[in-house]
Amino acid sequence: LNKRDGCVVGRMARRAIGVMRETYSAWERRVPLCPTRVKQLVDGGISVFVQPSTRRIFQDSEYAAAGATITSDLSPADIIVGVKQVEVDKLMADKSYIFFSHVIKGQLENMELLSTVLKRNIELIDYECLTDGGIRGGSRLIAFGQYAGRAGMIDSLRGLGQQLLFRGYNTPFVSIGSAYMYPSLEQAKDAITAAGVAFTKSAPVLGDTFPLTCVFTGKGAVSEGAQEIFKLLPHEFVDPADLATVKEEGDPAKLYGTVVQPGDYSERIEPGEFDMTEYCSSPELYKPQFHERLLPHTSVLMNCMYWDATCPRLITNDQMSAEWVDRENNRLLVVGDITCDVGGSVEFLSKSTTIEDPFFKWDPSTQEMVRSDGSGVLVLGVDILPSELPRESSMHFSNLLTPMVEALASGEPDPEMVAVLDGACIARNGALQPRFEYIKTLADHVRAETVADENSKQIMIRGHLFDTGLINKALDLLEALGVEFSVDRIDVQPNLGFGRQIPSRVLITLPGERVTEVCAAMELQLNSFPQAKASVTIK
């Protein structure tokens with residue numbers, strides 16, 4: 001490997017590592033590198049500098065004992081790691097930073113950060129882009145997903161106890177706390193196991209409320225983490241099609257769980273069988289059926305799935321109101337929306353919540369938020385759930401990150417590691433890397449809220465846009481045509497666990513009178529990138 005000026009990805013002299021103190025949130029107690037992994041680095045001859053923090057889950061003394069230098073000054077470090085975004089004025093020039101930057105979708109709130117990165121000649125590597133082989137849309141190598149699921153399920157059980165109490169049922173669930181209230185994940189699990197044993201002995205009565213059911217969407221790490229906690233209770237998993245029979249035939253001293261996939265809650269608008277490949281590439285061909293097939297039989301909904309604006313919503317406000325008011329079915333008690341997509345797959349998740357105040361209650365009859373003791377569904381929407389389990393989630397994350405940091409600092413990453421790190425490098429030598437050049441155009445045109453006039457039209461560009469570089473060409477074309485446009489949504493290709501890559505999607509609004517012209521020109525552009533398997537459609 002040849003040395004590359006201004007970057008750490010390549011063969012070069014041994015380098016020092018800095019660990020930032022987290023300032024994003026008072027609840028952000030996680031760390032990218034735990035003391036045991038710091039000791040591993042130090043024993044390998046790598047210097048580590050750690051900023052002091054009285055909020056961090058691991059104490060400064062633990063890092064000092066591991067051989068790190070405790071100092072607020074990270075200037076001796078070449079590679080600086082953190083968890084969340086760095087304060088702009090704290091970014092040091094000519095350094096390499098690794099953290100969750102939240103810029104790859106052109107997020108306006110973080111464009112000042114990105115601009116500063118470029119001005120100060122900073123190399124920025126984003127955890128979210130660390131994928132298998134460095135391929136956009138490949139399996140992510142570092143994430144907190146299981147811990148989000150675990151914390152979200154623990155918190156939702158706390159909410160379940162609260163909701164049952166307001167319905168007139170005193171259950172052992174009311175004694176369950178939020179995940180952060182326990183010194184460790186194991187102690188939280190012990191408390192839930194104990195509540196489950198007590199619940200079995202309390203012999204609830206079969207009726208409108210019991211047996212309790214829990215529906216999990218998704219089958220990735222988030223859903224797995226939530227199910228792990230659920231399984232600590234007396235439970236039985238059933239097929240989604242059998243959930244309706246639980247009310248009449250189930251054991252009220254058990255909780256019943258089911259895991260649902262798109263085929264369980266969606267059907268084609270036109271006659272035909274559900275097809276997962278078609279659903280992933282053309283979700284607009286499908287309509288939601290959750291409100292008819294599953295909602296009437298659901299006590300707790302744990303929403304753990306990937307969703308974007310091209311997909312049918314899982315539940316709309318009107319569907320929920322119809323179930324609650326027209327059908328007089330108020331069985332749904334709690335929604336634990338771990339995805340925290342505000343106004344997304346669960347439309348009535350109208351805001352994110354906080355660790356210290358994790359719930360709000362939404363009344364389907366008025367479609368408004370109400371007092372916690374009022375009638376309605378309790379909704380959880382915390383967006384930093386892994387922070388509630390800071391020690392365990394940090395150790396998990398650190399175990400995954402250490403080999404990468406070790407390779408960077410040693411100056412001898414192997415070719416596979418170079419590919420991974422290169423794929424996650426957003427900026428280097430004062431410029432965006434080629435695969436991320438689209439961010440500037442997105443930031444120029446993204447609108448947080450769009451109110452299109454009656455003459456505006458939307459087009460959807462779908463395909464393998466990022467790994468092929470097509471996104472850059474498509475945006476360049478729009479600018480070359482002199483079209484006024486806004487990018488209203490971008491869904492970067494995720495790993496959904498279906499054994500295939502899912503096309504990314506960009507939703508663009510432009511003047512209606514230019515749509516035909518733009519689509520014709522865009523078709524020609526897309527045809528020049530056959531490997532992208534891309535298409536453009538008018539919404």
Side-chain angles (χ1 to χ4, degrees), residues 6-7 9 24 82 84-88 91 93 95-131 134-138 140 142 308-309 420-450 459-481 483-495 502-510 522 525-526 529 532 534:
C7 75
V9 183
Y24 177 78
K84 301 293 282 186
Q85 301 98 305
V86 184
E87 293 178 77
V88 171
L91 288 166
K95 301 290 184 183
S96 295
Y97 281 86
I98 313 177
F99 55 85
F100 286 110
S101 66
H102 299 291
V103 299
I104 64 173
K105 296 183 182 180
Q107 292 98 317
L108 292 177
E109 66 273 18
N110 293 320
M111 287 303 101
E112 183 185 3
L113 182 150
L114 183 59
S115 177
T116 304
V117 163
L118 298 175
K119 289 176 183 177
R120 296 183 183 174
N121 194 39
I122 290 169
E123 180 176 56
L124 174 61
I125 295 174
D126 194 307
Y127 297 128
E128 191 173 357
C129 302
L130 289 167
T131 61
I135 299 170
R136 173 70 67 193
R140 284 180 61 181
I142 297 183
D308 67 55
V420 168
L421 295 167
D422 258 342
C425 183
I426 292 174
R428 177 184 293 152
N429 295 330
L432 292 169
Q433 290 300 94
R435 69 162 56 181
F436 294 104
E437 286 175 349
Y438 69 87
I439 294 176
K440 183 181 185 304
T441 305
L442 279 179
D444 290 342
H445 293 279
V446 165
R447 294 186 294 186
E449 295 182 8
T450 300
I459 63 172
M460 172 70 71
I461 305 174
R462 177 186 289 111
H464 300 288
L465 308 178
F466 296 89
D467 47 339
T468 62
L470 177 55
I471 185 65
N472 296 327
K473 298 295 184 181
L475 295 173
D476 288 345
L477 174 63
L478 290 171
E479 293 193 325
L481 291 172
V483 179
E484 290 187 4
F485 69 95
S486 67
V487 179
D488 299 316
R489 187 174 181 100
I490 177 170
D491 292 296
V492 178
Q493 190 179 82
N495 170 33
I502 309 304
S504 302
R505 307 176 182 99
V506 178
L507 189 64
I508 298 170
T509 296
L510 57 145
M522 191 64 70
Q525 181 73 80
L526 302 186
F529 281 76

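Here, residue 1 is the first one in the sequence, and each next residue gets the next number. These numbers come from the heavy atoms of this one structure, side chains and all, not from hydrogens, waters or symmetry mates. Owing to the predicted nature of the structure, the values given are computational and were not obtained by experimental measurement.
For Asn110 (side chain) and Val103 (main-chain N/O), no donor-acceptor pair under 3.5 Å exists by modelled atom type.
One distance of note links CG of Leu478 with CD1 of Ile508; it measures 5.0 Å at 0.5 Å rounding. Rounding to the nearest 0.5 Å places CD1 of Ile122 at 14.0 Å from CZ of Arg428. One distance of note links CG of Leu130 with SG of Cys425; it measures 10.5 Å at 0.5 Å rounding. One finds the CG atom of Leu124 at 9.0 Å from the CG atom of Leu118 (value rounded to the nearest 0.5 Å). A distance of 10.0 Å separates OH in Tyr97 from CG in Leu113, rounded to the nearest 0.5 Å. Note that the CD atom of Glu123 and the CD1 atom of Ile426 stand 11.0 Å from one another [nearest 0.5 Å].
Within a 6.0 Å sphere centred on NZ of Lys84, other residues, nucleotides and ligands contribute more than 12 heavy atoms. The neighbour count for Glu112 CD, taken as heavy atoms of other residues, nucleotides or ligands under 6.0 Å away, does not exceed 12.
Val487 is not listed as a side-chain neighbour of Leu507, based on a closest heavy-atom distance of 4.5 Å or more. Contact of the Phe485 side chain with the Leu475 side chain is registered, since non-hydrogen atoms from C-beta on lie closer than 4.5 Å. Contact annotation: the side chain of Tyr438 never approaches that of Asp476 to less than 4.5 Å [non-hydrogen atoms, C-beta and beyond].
Glu128 approaches Phe100 most closely through the heavy-atom pair N-CE2, 3.8 Å. Here the closest non-hydrogen pair linking Ile461 and Met522 is CD1-CE, 3.9 Å. Taking every heavy atom of both residues into account, Gly82 and Tyr127 meet most closely at O-OH, 2.6 Å. In plain terms, the two heavy atoms of Val117 and Ala427 that are nearest each other are CG1-CB, 3.8 Å. Across Gly430 and Asn121, no two heavy atoms sit closer than the pair N-OD1, 3.2 Å.
Every residue meeting the side chain to side chain donor-acceptor pair (under 3.5 Å) condition with Asp126, not counting sequence neighbours, appears here in chain and number order: Ser101.
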(message) Under the criterion side-chain contact (heavy atoms from CB on, under 4.5 Å), I'd like the reasoning laid out for Leu114 against Met111: C-alpha separation, chi angles, the key distance, then a yes or no.
(response) CA-CA 5 Å; Leu114 183 59; Met111 287 303 101; 4.3 Å; yes
(message) Go through it in stages, so that I can follow the logic: the residues are Val420 and Thr131, the test is side-chain contact (heavy atoms from CB on, under 4.5 Å), and I'd like the CA-CA distance, side-chain angles, deciding distance and then a yes or no.
(response) CA-CA 6 Å; Val420 168; Thr131 61; over 6 Å; no
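Classification of Arg435 and Asp422 as a salt-bridged pair fails, no side-chain N sitting under 4.0 Å from a carboxylate O.
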